[in-house]
Colleague: 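This is the structure, below, for whatever I ask next.
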Amino acid sequence: AEDGIRDSVASRGLGDVYKRQSMEMLEEAFALTDCYLNKGGHFIAKYFRRGDLGQLLVNAKKKFTKVSSFKPNASRKNSSEIYLVCHQKK
C-alpha cells in the first residue's frame with residue numbers, strides 16, 4: 001500500500017488520444033485508491049475536461065476528507081487540463 005498515488009499517465013505526451021480517454025483513465029486510476037492507498041493517503045490526477053465529473057466527485061468526497069480541483073497558472077488558457085486533488089483518504 002502507498003501513502004500517495006499520482007496519475008502519471010498524463011505526462012507521457014499522448015495528446016488527443018489522452019484527451020479522448022481522459023475521463024475513463026481518471027476513473028480507473030481513482031479506483032486504485034480502494035486497494036492501494038493507505039488511510040490518510042492522497043490522490044492527485046491530471047485530466048482533460050471532457051464530460052461530467054459529477055459522480056466521480058461524489059465518490060471522491062465520500063472517500064477523502066477534502067477534494068478540490070485546479071488549473072495551474074502555467075497551463076495555457078485554451079487548455080482543458082485540470083488537476084483533481086483528494087486529501088486524506090478516510
Side-chain angles (χ1 to χ4, degrees):
E2 299 288 332
D3 292 327
I5 296 176
R6 181 179 66 88
D7 177 9
S8 62
V9 176
S11 62
R12 295 185 189 157
L14 298 176
D16 290 337
V17 172
Y18 182 77
K19 288 178 184 178
R20 286 192 301 270
Q21 298 173 345
S22 178
M23 189 63 187
E24 181 179 320
M25 293 170 72
L26 176 61
E27 289 171 346
E28 289 175 7
F30 185 77
L32 294 174
T33 64
D34 289 333
C35 300
Y36 297 107
L37 187 62
N38 290 332
K39 181 178 179 181
H42 311 291
F43 175 77
I44 301 169
K46 176 182 173 179
Y47 67 97
F48 293 91
R49 188 177 295 163
R50 297 273 193 254
D52 183 21
L53 272 182
Q55 189 58 49
L56 181 70
L57 291 175
V58 167
N59 292 340
K61 289 176 182 179
K62 289 179 184 177
K63 291 170 55 171
F64 291 87
T65 58
K66 181 180 177 186
V67 176
S68 60
S69 60
F70 74 97
K71 181 177 180 81
N73 292 335
S75 179
R76 292 182 309 247
K77 290 182 181 182
N78 64 343
S79 174
S80 62
E81 76 174 337
I82 304 287
Y83 285 82
L84 175 66
V85 182
C86 302
H87 299 273
Q88 297 182 330
K89 182 180 174 189
K90 296 177 183 177

Colleague: Kindly indicate whether the side chain of K90, heavy atoms from C-beta on, has any atom under 4.5 Å from the side chain of K39.
Modeller: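 They are not in side-chain contact.
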
Colleague: Pair T33, K63 - check side-chain hydrogen bond (donor to acceptor under 3.5 Å, both in side chains), show working.
Modeller: CA-CA 9 Å; T33 64; K63 291 170 55 171; 2.7 Å; yes

Colleague: Can you list, pair by pair, the side-chain donor-acceptor contacts under 3.5 Å of residues 66-73, counting residues two or more places apart and other chains?
Modeller:
unit_1 : atom_1 : unit_2 : atom_2 : d
K71    : NZ     : S75    : OG     : 3.3
K71    : NZ     : R76    : O      : 3.3
K71    : NZ     : S79    : O      : 2.3

Colleague: I need the I44 CD1 to H87 NE2 distance, nearest 0.5 Å.
Modeller: 7.0 Å

Colleague: Please name the pair of heavy atoms, one in F30 and one in C86, separated by the smallest distance, quoted to 0.1 Å.
Modeller: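 For F30 and C86, the tightest heavy-atom pair comes out as CE1-SG, 4.3 Å.
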
Colleague: Can you list everything that forms a salt bridge (charged side-chain N to carboxylate O under 4.0 Å, His left out) with E28? Sequence neighbours excluded, please.
Modeller: none

Colleague: Measuring from H42:NE2 to F64:CZ, what's the distance to the nearest 0.5 Å?
Modeller: 9.5 Å

Colleague: Roughly how far, to the nearest 0.5 Å, is NZ of K61 from CG of L56?
Modeller: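 L56 atom CG to K61 atom NZ measures 11.0 Å (nearest 0.5 Å).
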
